[in-house]
Amino acid sequence: MKSMLAELRECFSAALETAFGERGRGIDPLVKPSSDTKFGDYQCNVAMSLGKSLAMKPREVAERLVEGVSQVLSRGQPWFFVQIDGPGFVNIRLRREYLEELLSSIPAEQADDRLGVMPATAAQRQTVVVDYSSPNVAKELHVGHLRSTIIGDTICRVLGFCGHDVIRQNHLGDWGTQFGMVILGIWHIFAGRKRGEPAGWLEQGTTELAAAQQTSDKAVLDWLARTYAQQEKDLAADLEGREFEKFLREYVPTLDELLPAYRFVNAVETAAEKTGFDRTAEGKRIPLSAVSNYVVKMLQEGGEQNRQEREAWRLSIRASLDACNALYRRLGVLLVDEDVRGESFYHEMLAGVVEELKGRLATPTGAGDARAVCRLDKGAVCVFLEKPDGAPMFKGAQGDPLPMIAQKSDGAYLYSTTDLAAALFRISHPQRNRVEVTSRALADALAAKGGGLGADRILYVVGEQRLHLQMVFATIDALGWKRRAGRPDVDLEHVAFGWVLGDDHKPLKTRTGENVKLRELLDESERRARALIDENDAKRAELGLEALSEEEKRDIALAVGIGSVKYADLSQNRTTNYVFNWEKMLAMQGNTAPYLMYAYARIRSIHRKAASGAATAGAVLALTEPVEIALGKHILQLGETLEIVAHTLAPNLLCEYLYGLAAAFMRFYETCPVLQAGDEKTRASRVRLCDLAARTLRVGLGLLGIRAMERM
RNA sequence: GCGCCCGUAGCUCAGUUGGAUAGAGCAGCGGAUUUCUAAUCCGCUGGUCGCAGGUUCGAAUCCUGCCGGGCGCGCCA
């Protein structure tokens, strides 16, 4: 079935046309849920705004509209009542029989779990590319990745449920300049093993260097000199890289081993740069501060002589992905290896992208709101974005035009270039949407990658890159990549989000000022959830409830712990910052995961007990008490909620819906006995209503990636 | 300096494309229970929606200016 809201919109659209003919056609009827239940269930606010354009009193418009409605409704069974109120509000109250009918029509759980929500029609159906999570290789996931990962995941689930084709893309940072350091780090691990260094020697080295920095410049220079000498010796011992290559064939790195090595290299190079070490010592083949840059060049050159670098790179990606996947599984996030299309994937397209920019944007080009021109500036390939009047779209600190740089003066490509390549790959499709490019190199590279994904909509779930994305989007617009003959433009959206803050209202950090590791955050949450569960064990015994097994308690702790962290995040407005607070997110009261999960467990408890009694599958649903009507109505609003979430990409609206649903159930539960209902018919009806409420909660929580537990 | 985001109850936050008397939770106060899981429910108290103008039938929401906070502003991602 369609959502009640959609049905009402259709009905009022038709009524507008009936009442006002041509002038009433194509007007949004402005139907929405009522601001207050005393005004009914929904309201139509179109009369006030229409009064002006029709030169009529709003009240009169409303009266004619209501007449139109009754004509439309006269074709069938009336399913709602209308009443004009105030300046011209049309208040809508749904008939109880209609609600009962809709609820009854929801198929049994065995048939499907859509709860009557209709998937998108063929015409509405979109291919949506969702770019989210996107961690960097050789860095551990921290709270900074939390929002992108779980918001992106929820969006994927919701769009998928709504019937769209969702293509998840994990835009892994696997090609940046930091890779020189990672590979060099692996080389240090190799050299250390060969020398027989004890475990943890790289951490110790970093600590020593930090200590030297606290002491004096001289101490730092001495330390660097020793390190450099050792490094030169190790390099000389395996100049051909044969031993290193052999080592790589058998080496299985873990992220835990890679991270200290990376930090070591980073610390050494930073210190060498800062102290001017490279200038003071004679006869160096490569400056100590630039070894990793050199390694990056070797990696990016490719070729037979650099295959060790490539192999080390590959190993570091594998290790990072293993660590990420473990966390994704733990978080209940859908991302898998097949969704990974890192920056390196687009490497072969970059030269073509620059060629395309130079060719297509040689002179100011672009229809719409953005014009772009590509030219060399200080040796770099730059795209200057302009407004239609020729004024620069973006300005620097001195008011000078700020370009998007596609290629550095040293020839290296940047993430802008990669993002353009990725956008082309996502938009283009070998059959559905062949984007025309003039660069042969780009066309060939794209074809070699299969021709692209054919997105109608691309969502960038990334924080903190507004300016960059605006530039990239404007460039794409100017290049004409979004436009499609006979179809709407491809829609590119930056799904931005706010910071996770600590108690001090500053970005959440550990006491030592480091990013909080996601792994440790989840450990803590599970630990706290377990404490809550243990606390309630005693109460369970008092109440004579079935005891939970140790295994069950452990499982519940995981679900509550992870669910609470996710729900706390998803229930916030996506765009604003929020303060992270353990007590609040694990509280049983209010808009929290435990509250919703508890409501579900309570219903399931009824269900288990009812199952032993009379069968209720085909029971007649009768909503008698006000709380029953409220609950039933709420259940039926899942579809329209998801429509809004799919459009606004605001998971907090789904959370709000589920909280309202759980609260409606709790109210029902307080006043309406189910198993002890007065008569068999009422009992059967209520059991069925409970079942629908439980399924709605479970499906809704599922769309947030949160497991509903049978018992708590 | 310029650009973007934010400012709502003591605290943490909601508030779909402008709609009727601005809502939750926590905290505070007061109630309900021989429980279908009290990890609950109900009530009360609490607001110049940062400030000042404007747009209109109507503004927390749109526009302008100011105050306060955050982020960004050429070869990092």
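Bear in mind the structure is a predicted one, so any value in this text is a computation, not a measurement. Note on naming: letters A, B, ... go to the chains in the order of the sequence lines (proteins, then strands), and numbering restarts at 1 for each one.
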Separation of atom [atom1] in [X] from atom [atom2] in [N], rounded to whole Å:
X         : N       : atom1 : atom2 : answer
Leu414(A) : rC75(B) : CG    : C1'   : 6 Å
Lys52(A)  : rG19(B) : NZ    : C1'   : 16 Å
Asn573(A) : rC6(B)  : CG    : P     : 9 Å
Gln465(A) : rG74(B) : CD    : C1'   : 16 Å
Met471(A) : rG72(B) : CE    : C1'   : 10 Å
Met181(A) : rA77(B) : CE    : P     : 12 Å
Met585(A) : rC13(B) : CE    : P     : 12 Å
Ile533(A) : rA39(B) : CD1   : C1'   : 11 Å

Determine the interatomic distance between [atom1] on [N] and the same-named atom on [M]; round to the nearest Å.
N       : M       : atom1 : answer
rG31(B) : rC36(B) : P     : 25 Å
rU45(B) : rC63(B) : P     : 36 Å
rC26(B) : rA60(B) : P     : 27 Å
rC49(B) : rC44(B) : C1'   : 23 Å
rU64(B) : rG47(B) : C1'   : 26 Å
rG43(B) : rG23(B) : P     : 14 Å
rG3(B)  : rG25(B) : P     : 41 Å
rG18(B) : rC2(B)  : C1'   : 30 Å

Looking at [X], does any N or O in its side chain come under 4.0 Å of the phosphate oxygens OP1/OP2 on [N]?
X         : N       : value
Thr576(A) : rA14(B) : yes
Ser35(A)  : rA20(B) : yes
Asn652(A) : rG15(B) : yes
Tyr595(A) : rC41(B) : yes
Lys584(A) : rC11(B) : no
Arg667(A) : rC42(B) : yes
His647(A) : rU17(B) : no

Side chain of [X], base of [N]: donor and acceptor closer than 3.5 Å?
X         : N       : answer
Glu343(A) : rA77(B) : no
Tyr415(A) : rA77(B) : yes
Asp400(A) : rG74(B) : yes
Asn91(A)  : rA20(B) : yes
Lys609(A) : rU37(B) : no

Within the 4.0 Å heavy-atom criterion, would you say [X] contacts the bases, only the backbone, or no part of the nucleic acid?
X         : value
Pro87(A)  : nothing
Tyr659(A) : sugar-phosphate
Thr671(A) : nothing
Met404(A) : nothing
His468(A) : nothing
Lys139(A) : nothing
Cys655(A) : nothing
Val674(A) : base
Gln178(A) : nothing
Pro673(A) : base
Gln470(A) : nothing
Gln676(A) : base
Met48(A)  : base
Asn536(A) : base

Between Asp36(A) and Arg466(A), which has a closest nucleotide on RNA chain B that is more 5'? Arg466(A)

Both Pro401(A) and Asp28(A) contact RNA chain B. Taking the nearest nucleotide for each, which residue is further toward the 5' end? Asp28(A)

Listed once per pair and sorted, the salt bridge (charged side-chain N to carboxylate O under 4.0 Å, His left out) pairs that draw on residues 40-52 of chain A, sequence neighbours left out: Asp41(A)-Lys633(A)

For residues Leu658(A) and Leu596(A), report the shortest heavy-atom separation together with the two atoms involved. O-CD2, 3.5 Å

Does the Lys NZ or Arg CZ of Arg375(A) fall within the cation-pi geometry relative to Phe384(A) - under 6.0 Å from the ring centre and within 45° of the axis? yes

Mind telling me whether Tyr669(A) and Phe665(A) have parallel, tilted or perpendicular rings, with 30° and 60° as the class edges? tilted

Students often mix this up, so state it plainly: with edges at 30° and 60°, are the rings of Tyr460(A) and Phe473(A) parallel, tilted or perpendicular? tilted

Under 3.5 Å side-chain donor-acceptor pair for Asp419(A) and Tyr346(A): no

Looking just at side-chain N and O atoms, do Tyr415(A) and Gln465(A) make a donor-acceptor pair shorter than 3.5 Å? no

Is the ring centre of Phe89(A) under 5.5 Å from the base ring centre of rA20(B), and are the two planes under 30° apart, so that they stack? yes

Could you check whether Phe39(A) and the base of rA20(B) form a stacked pair, meaning centres closer than 5.5 Å and planes differing by less than 30°? yes

Checking base pairs now: Watson-Crick or wobble, both atom distances under 3.5 Å. What partners [N]?
N       : answer
rC11(B) : rG25(B)
rG65(B) : rC51(B)
rG18(B) : none
rC41(B) : rG31(B)
rC71(B) : rG3(B)
rG46(B) : none

Side chain of Ser605(A), heavy atoms from C-beta onward: which of rU37(B), rA39(B), rC76(B) has the nearest atom to it? rU37(B)

Is any side-chain heavy atom of Lys506(A) closer than 4.5 Å to a side-chain heavy atom of Trp499(A)? no

Are more than 12 heavy atoms from other residues, nucleotides or ligands located less than 6.0 Å from atom CD of Glu493(A)? yes

